[in-house]
*Asks:* 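Pasting a structure below so you can have a look.
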Protein chains: 2
Amino acid sequence: MVTIKDISEACGVSTATVSKALNGYGDVGRATADLIRETAKKMNYYPNAAAKQLKTSVSHNIGVLFIDETCCGLTHEFFSEILNSAKTEAERLGYDITFICKNIAGREASFLEHARYRKCDGVLVASVDFKSQAVQDLVYSDIPTVSIDYVYNDRSSVLSDNVEGEYELTKYLIEHGHRRIAFIHGESTSVTDKRLSGFYRACEENGIEVPDSYIMESRYHDIESCRDTVKILMDQKERPTAIIFPDDYSYIGGRQGLEEMGLRIPEDVSVVGYDGIRLTRALSPKLTTYYQDTVEIGIRSVRKLIDIIENPKTSIAEQIKVQGRIQEGKTVKDLLQ
Amino acid sequence: MVTIKDISEACGVSTATVSKALNGYGDVGRATADLIRETAKKMNYYPNAAAKQLKTSVSHNIGVLFIDETCCGLTHEFFSEILNSAKTEAERLGYDITFICKNIAGREASFLEHARYRKCDGVLVASVDFKSQAVQDLVYSDIPTVSIDYVYNDRSSVLSDNVEGEYELTKYLIEHGHRRIAFIHGESTSVTDKRLSGFYRACEENGIEVPDSYIMESRYHDIESCRDTVKILMDQKERPTAIIFPDDYSYIGGRQGLEEMGLRIPEDVSVVGYDGIRLTRALSPKLTTYYQDTVEIGIRSVRKLIDIIENPKTSIAEQIKVQGRIQEGKTVKDLLQ
DNA sequence: TATGCTTCCGAAATCGTTTTCGTACCTCAA
DNA sequence: TTGAGGTACGAAAACGATTTCGGAAGCATA
């Protein structure tokens with residue numbers, strides 16, 4: 001491995017000068033600096049990350065908290081797309097990505113300890129149990145964090161606008177003449193709360209009263225759960241004319257359930273999803289859904305995180321909302337025609 | 001941050017002794033070692049990764065080469081499942097995972113340079129352009145590597161048995177009475193070659209001649225491409241009775257294409273996929289496919305990599321084959337009944 | 001008592017950087 | 001000539017760990 005010392009010898013200067021030249025400090029002569037930089041390139045020099053980190057305590061490494069307790073973290077298309085986009089953006093900006101976990105060299109540790117151990121400059125928090133103590137310890141530590149799709153007090157986050165999204169989606173149904181709209185939502189989380197609020201707002205604004213039996217809890221990204229729930233939902237005399245599913249993936253289950261009951265989409269009942277993952281374009285009938293801009297979410301969260309890292313003084317905690325949009329498919333019947 | 005020095009002071013011993021006690025060296029007294037370990041735990045000590053790495057040149061960090069040039073690396077369920085499983089296993093064994101890319105702190109570099117910069121103990125090579133020079137430079141360096149689904153000379157790899165898999169799948173079709181079998185394969189890669197070879201072997205063994213027009217090239221994980229290809233394929237007078245798709249995801253497109261031609265599955269034509277991703281269980285009709293054990297692939301590749309890292313002398317280069325199995329759905333019609 | 005062997009521990013060098021502070025030299029005005 | 005001020009560079013001390021090597025103590029044996 002070629003070190004700073006090799007370069008210093010090759011150039012006949014001290015290691016201090018080499019370091020300064022390579023890092024663009026002012027107090028080194030123009031000619032010397034040029035020579036050093038050229039020699040470094042010629043000798044194929046790359047700094048030793050460990051030494052640099054040891055001395056400066058910055059690692060150019062961002063951690064990602066992306067735990068798969070439900071076994072669908074990484075394999076959930078929504079999250080893997082975000083991760084993919086975040087990875088690309090981070091690399092472009094010169095940061096590496098390391099997964100944070102609860103192991104340090106084989107020994108049990110907390111997320112925070114792990115992040116410290118690896119000296120992560122910052123951590124992206126996504127797809128975890130946001131309310132758990134372990135995660136909160138990390139978020140409220142001195143390590144910069146950005147959370148995705150969840151808001152912590154005084155911390156930055158990037159969110160798709162769930163209130164607005166569900167509001168738009170509901171309004172879309174209403175504009176197509178639906179007034180008996182059911183909402184199968186996911187587990188109780190802040191995301192769920194927001195979607196519910198957007199849903200209710202759209203209903204209220206249009207003078208629609210929603211019977212309790214139209215609101216059912218299922219689970220995100222769970223085919224079976226949605227299939228069963230939809231059956232219970234549709235087993236009442238005053239059936240809804242439209243159903244909102246927790247997400248696109250649930251549509252697969254919902255569709256099965258409806259089919260087993262002999263109900264056709266959209267002739268007998270209209271449905272919409274949420275996420276706009278690629279998959280939906282492929283299912284038939286093509287699902288009408290609310291597209292979340294995963295690429296944008298990934299990019300914005302990394303940029304914000306790096307902003308906090310590099311400008312700790314001026315960077316402010318903020319909630320960055322990423323707009324989505326209705327993606328029309330063929331699962332909503334227009335009752336007004 | 002609590003360092004080894006703090007512990008040494010608290011215990012009234014030297015830092016050398018602390019280090020030795022914590023690393024289980026023999027030449028430290030029983031009582032002293034116990035005291036040191038207890039104190040370390042009490043003071044919530046964790047070693048400084050950078051310092052450790054600087055001194056020992058081992059990082060407990062494994063790199064993952066997982067490039068997304070085709071924009072489907074991470075979001076391809078097959079790979080994201082492998083990554084997920086590899087991540088879990090690596091963490092269990094005390095290793096962290098970092099993505100390898102072509103950027104070092106903002107400066108352009110090669111994969112190899114990046115891996116050296118981060119002092120990766122080893123690298124998992126998956127889902128890249130295996131034949132590119134940059135990847136080969138890395139694989140044939142002194143850094144331990146394990147490749148997934150691709151074999152390099154004298155290097156270890158973990159593969160699903162593609163020859164056997166496609167052979168089994170073809171035999172399954174033949175056993176169900178099919179003799180006019182078409183194969184839409186993916187881009188030309190070593191995986192494709194193996195699958196073709198398994199396919200041909202099964203045909204030969206059963207005295208089946210395959211017309212050239214039954215072999216068509218499409219692309220992996222590409223809905224549109226498969227949809228178009230299947231239309232061309234079925235636009236000939238002597239139509240096949242069964243089609244093998246490049247993978248499960250392609251089934252979505254293939255199904256569309258067939259539907260648009262008014263062909264029903266499996267009444268008019270039988271189809272099979274490859275991979276066995278979760279999605280297939282949800283599509284209807286449920287796809288008959290060859291399940292690849294992604295969890296096992298992830299685990300085995302990490303274990304092998306760590307074996308090479310920790311036992312460089314005794315570990316031998318080998319190809320580890322992971323068995324899959326036929327996963328029966330409802331897309332193959334039994335012509336013999 | 002002298003000798004040799006263990007056992008236990010510490011001093012100090014080292015890994016490859018960064019960074020402070022001092023110094024030598026030069027320039028220029030008074 | 002002197003002194004102030006600026007520029008260019010280097011010596012050396014860190015950062016937090018590991019590891020070599022030597023030495024002190026304790027004990028048994030001759």
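On a predicted model such as this, the values are computed, not experimentally measured, just so you know. The sequence lines fix the lettering, A, B, ..., with proteins before strands; numbering per chain opens at 1.
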*Asks:* Pick one: which of A:Val322, A:Leu159, A:Asp149 meets side chain to side chain contact (heavy atoms under 4.5 Å, CB included) with A:Ile297?
*Replies:* A:Val322
*Asks:* Between the protein and nucleotides 7-9 of chain C, list every N/O to N/O distance that falls short of 3.5 Å.
*Replies:*
residue	atom	partner	partner atom	Å
C:dC9	OP1	B:Thr32	OG1	2.6
C:dC9	OP2	B:Gly29	N	2.4
C:dC9	OP2	B:Thr32	OG1	3.2
C:dC9	N4	B:Asp27	OD2	2.8

*Asks:* Side-chain donor-acceptor pair under 3.5 Å between B:Thr17 and B:Ser14, yes or no?
*Replies:* yes
*Asks:* May I have the distance from B:Tyr46 (atom OH) to D:dA17 (atom C1'), rounded to whole angstrom?
*Replies:* 17 Å
*Asks:* I need the CD-P distance between B:Glu9 and D:dG16, as an integer number of Å.
*Replies:* 12 Å
*Asks:* Check the distance between D:dA8's P and A:Leu35's CG and give it to me in whole angstrom.
*Replies:*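 Rounded to whole Å, this separation is 15 Å.
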*Asks:* Would you indicate what A:Ser19 reaches in the nucleic acid, counting non-hydrogen atoms under 4.0 angstrom: base, sugar-phosphate, or nothing?
*Replies:* base
*Asks:* Would you please say whether a donor-acceptor pair under 3.5 Å links the side chains of A:Ser59 and A:Asp121?
*Replies:*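 The answer is yes; a qualifying pair exists.
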*Asks:* How many Å lie between NZ on A:Lys119 and P on D:dG16, as a whole number?
*Replies:*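 Those two atoms, NZ and P, are 8 Å apart.
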*Asks:* Any salt bridge between A:Arg300 and A:Glu89, counting N to O under 4.0 Å?
*Replies:* no
*Asks:* Rounded to the Å, how far apart are B:Lys5 NZ and C:dA12 P?
*Replies:*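 After rounding, the reported distance stands at 15 Å.
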*Asks:* Do we see a donor-acceptor contact under 3.5 Å between the side chains of A:Ser315 and A:Asp307?
*Replies:*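 Judged by distance alone, the side chains do pair up.
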*Asks:* Using OP1 and OP2 only, check whether a side-chain N or O of A:Tyr45 sits under 4.0 Å from C:dT17.
*Replies:*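 Looking at the OP1 and OP2 atoms of C:dT17, one of them is under 4.0 Å from a side-chain N or O of A:Tyr45.
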*Asks:* Write down the distance between OH (A:Tyr117) and P (D:dC15), rounded to a whole number of angstrom.
*Replies:* 20 Å
*Asks:* Examine distances only and state if a side-chain atom of B:Asn23 and a backbone atom of B:Tyr25 form a donor-acceptor pair shorter than 3.5 Å.
*Replies:* no
*Asks:* D:dG16 P sits how many Å from B:Asn48 CG, rounded?
*Replies:* 7 Å
*Asks:* Measure from the side chain of B:Lys55, starting at C-beta and using heavy atoms only, and say which of C:dA12, C:dT18, C:dT14 lies closest.
*Replies:* C:dT14
*Asks:* Choose from D:dA11, C:dT18, D:dG16 the nucleotide whose nearest atom is closest to any side-chain atom of A:Thr56.
*Replies:*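 The closest nucleotide is C:dT18.
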*Asks:* Under 4.0 Å between a side-chain N/O of B:Asn23 and OP1 or OP2 of D:dT18, yes or no?
*Replies:*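 Yes, because at least one side-chain N or O of B:Asn23 sits under 4.0 Å from OP1 or OP2 of D:dT18.
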*Asks:* Could you state the CD1-C1' distance from B:Ile36 to C:dG10, rounded to the nearest angstrom?
*Replies:* 12 Å
*Asks:* If you apply the rule ring pair (Phe, Tyr, Trp, His ring centres under 6.0 Å), what do you find for B:Phe99 with A:Phe99, and how did you get there?
*Replies:* CA-CA 9 Å; B:Phe99 287 114; A:Phe99 286 114; 5.7 Å; yes
